[in-house]
**Student:** 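Below you will find the structure I want to go over with you.
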Amino acid sequence: MTPEGGSLGIAAVAARSLLLSATSTALALSAGLPAGMFLAQRRGKIASVLLAFANAGMALPPVLVGLLVALSLWRAGPLGFLEWMYTPAAIVVAQTLLALPVVVALSASAIRSLDPELTVQIDSLGAGRGRRMAMLLREAMPGVFAAALAGFGATISEVGSVMMVGGNIEGETRVLTTAILQETRMGNFHAALGLGAVLLGLSLVIAGLFTRFQSSR
Amino acid sequence: MILATENLRWSYGAAFTLDVPRLALATGETLAIVGPNGAGKSTLLRLLAGLLAPFEGTVALDGVPLDARNPVPHRRRIGFVFARPARFRGTALENAAAGLIARGRPRAGSLATAAALLERLGISRLASARASTLSDGEFQRVALARALATAPDFLFLDEPFARFDPPARAEWAAEIARLAGEGRHGVLLVTQEPAEASRLAGRIAVLDRGRIVQEGSSEELRARPATPVVAQFFGPVLGAR
């Protein structure tokens with residue numbers, strides 16, 4: 001068992017996983033919801049192509065994302081001056097890039113599934129652009145929650161890209177998925193299963209909270 | 001305040017063209033637009049409200065033309081009650097306050113204004129009910145409160161009686177008559193019912209296939225119908241409707 005394998009250590013790894021995933025999801029939502037909204041309301045060819053990219057992005061190979069982020073953040077890379085490689089910031093970048101297309105595609109789909117008449121009636125109320133967007137998002141809330149949850153799922157379960165850009169450094173960038181991988185490689189299957197149970201529990205709790213909030217709206 | 005159009009023209013491909021050279025409505029006045037299905041009544045209403053673009057010609061409020069790139073100021077002068085008003089998530093009270101909240105007014109004040117209107121319209125008991133649980137008739141009143149909450153200069157009513165049974169229609173017509181009688185709004189009523197148009201509006205415009213074929217009081221339309229469609233609506237059939 002690694003030094004972070006004790007109950008306090010597991011709690012720290014779990015907390016780090018949660019924090020990095022929550023940060024990545026929040027960033028993906030803040031960029032992805034307006035983008036999804038924009039694409040949902042455009043009918044032109046460019047919007048269709050961008051939406052197709054977002055849909056394809058949901059199946060983006062995480063290792064490829066990890067590779068691209070690593071190449072960018074590497075010392076000689078274009079963003080090397082940030083010195084983010086093997087830091088939690090690098091993990092957030094990779095996870096955000098993975099969650100972003102999920103949020104864009106699912107939120108655009110949620111907005112597109114609204115009755116077009118709803119937009120006309122919101123316009124008739126004299127809503128400005130920002131309020132119009134907020135009202136549409138509120139009406140599409142179940143779909144927006146699903147987008148947020150799927151984005152969170154994509155980040156907390158990610159291992160390949162996180163390993164590449166985070167490096168699984170104990171006490172710094174080790175998260176639940178990379179810890180599970182490490183324990184498995186070392187043959188510590190009980191520890192790996194324990195960490196897996198923690199990851200599953202966390203995911204279930206978050207999904208439960210989302211679902212509860214979703215059904216209360 | 002006067003809402004007026006000049007050479008208004010809007011096309012939906014080659015299939016339909018709305019062509020209204022001139023139409024005006026002043027606050028305190030009630031104008032009814034009557035016509036058969038597909039005549040363009042709702043389209044005309046939406047054009048006047050700044051909800052459809054692009055179009056040819058002008059729609060102006062007190063001489064200020066509607067700017068299609070920024071129609072929000074124009075829309076804010078108009079309260080619109082749709083035939084099937086949207087039920088937003090939340091309570092009847094929140095729905096009634098939606099217009100104020102959409103304009104960035106503080107939530108507490110918006111809800112208080114909406115509550116006062118629900119009271120005035122006799123539906124304060126519905127305030128805390130979820131909008132999705134209300135009957136069509138109940139929600140139509142909430143939609144009226146939503147339109148009135150913003151104190152509009154003009155009130156647009158798109159077939160407001162269409163989904164009501166006769167007693168509810170009479171009750172609604174009385175409510176609209178009372179509102180129109182207050183003289184605070186210019187009321188533009190779209191209906192297929194000539195009897196209701198005659199009762200509520202001082203002036204009636206008959207729209208047929210995108211064109212106003214006759215405009216005048218119900219007596220004038222009845223006495224001298226300009227086209228068979230006008231005669232159909234305001235001729236001997238009127239008494240039977």
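No experiment lies behind these values; they were computed from the predicted model shown. A, B, ... follow the sequence lines: proteins, then strands. Residue 1 opens every chain.
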**Student:** For atom CD1 of A/Ile46, decide whether the heavy atoms of other residues, nucleotides or ligands shown that lie under 6.0 angstrom number more than 12.
**Tutor:**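 No.
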
**Student:** Should the heavy atoms of other residues, nucleotides or ligands under 6.0 Å from CZ of B/Arg22 be counted, would the total exceed 12?
**Tutor:**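 Counting other residues, nucleotides and ligands, CZ of B/Arg22 stays at 12 neighbours or fewer.
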
**Student:** Which bit of B/Leu51 is near chain A, if near means a heavy-atom gap under 4.5 Å: side chain, backbone, both or neither?
**Tutor:**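 Contact with chain A is through the side chain of B/Leu51 alone.
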
**Student:** Please state whether the side chain, the backbone, both or neither of B/Leu52 comes within less than 4.5 Å of a heavy atom of chain A.
**Tutor:**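 Neither; nothing under 4.5 Å.
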
**Student:** Which heavy-atom pair separates B/Arg89 from A/Pro142 by the least distance, and what is that distance?
**Tutor:**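 Taking every non-hydrogen atom into account, NH2-CD, 3.0 Å.
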
**Student:** Considering only residues two or more places apart or on different chains, which pairs with a residue in residues 79-136 of chain A satisfy ring-ring contact (aromatic ring centres under 6.0 Å, His included)?
**Tutor:**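 ring-ring contact (aromatic ring centres under 6.0 Å, His included) check on residues 79-136 of chain A returns no pairs.
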
**Student:** Is the number of heavy atoms from other residues, nucleotides or ligands within 6.0 Å of CZ (B/Phe16) greater than 12?
**Tutor:**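 Result for CZ/B/Phe16: enclosed.
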
**Student:** Using modelled atom types only, decide if a donor and an acceptor are shared between the side chain of A/Gln121 and the backbone of B/Arg84 within a distance under 3.5 Å.
**Tutor:**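 Between the backbone of B/Arg84 and the side chain of A/Gln121 there is a qualifying donor-acceptor contact (under 3.5 Å).
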
**Student:** Against chain B, label A/Glu117 side chain, backbone, both or neither, depending on which of its atoms sit under 4.5 Å from a heavy atom there.
**Tutor:**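 Side chain of A/Glu117 only, per the 4.5 Å heavy-atom cut-off to chain B.
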
**Student:** Measuring from A/Arg138:CZ to B/Phe88:CZ, what's the distance to the nearest 0.5 Å?
**Tutor:**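 CZ of B/Phe88 is found 10.0 Å from CZ of A/Arg138.
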
**Student:** To the nearest 0.5 Å, what is the distance between OG on A/Ser124 and CZ on B/Phe82?
**Tutor:**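 These two atoms lie 4.0 Å from each other.
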
**Student:** Heavy-atom cut-off 4.5 Å, strictly under: side chain, backbone, both or neither for B/Ala49 against chain A?
**Tutor:**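 For B/Ala49, there is no contact with chain A at all, as no heavy atom is under 4.5 Å.
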
**Student:** Is the backbone N or O of A/Leu125 less than 3.5 Å from a side-chain atom of B/Arg75, with the two atoms forming a donor-acceptor pair by type?
**Tutor:**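 Between the backbone of A/Leu125 and the side chain of B/Arg75 there is no qualifying donor-acceptor contact (under 3.5 Å).
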
**Student:** For B/Arg77, is it the side chain, the backbone, both, or neither that has a heavy atom closer than 4.5 Å to a heavy atom of chain A?
**Tutor:**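 When you check distances to chain A, no heavy atom of B/Arg77 falls under 4.5 Å.
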
**Student:** Go through A/Arg129 and B/Val72 one step at a time and tell me if the side chain to side chain contact (heavy atoms under 4.5 Å, CB included) criterion holds.
**Tutor:** CA-CA 9 Å; A/Arg129 207 169 285 177; B/Val72 173; over 6 Å; no

**Student:** Return yes when atom CZ of B/Arg209 has more than 12 non-hydrogen atoms of other residues, nucleotides or ligands closer than 6.0 Å, and no otherwise.
**Tutor:**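 No - once you tally the heavy atoms of other residues, nucleotides and ligands closer than 6.0 Å, there are 12 at most.
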
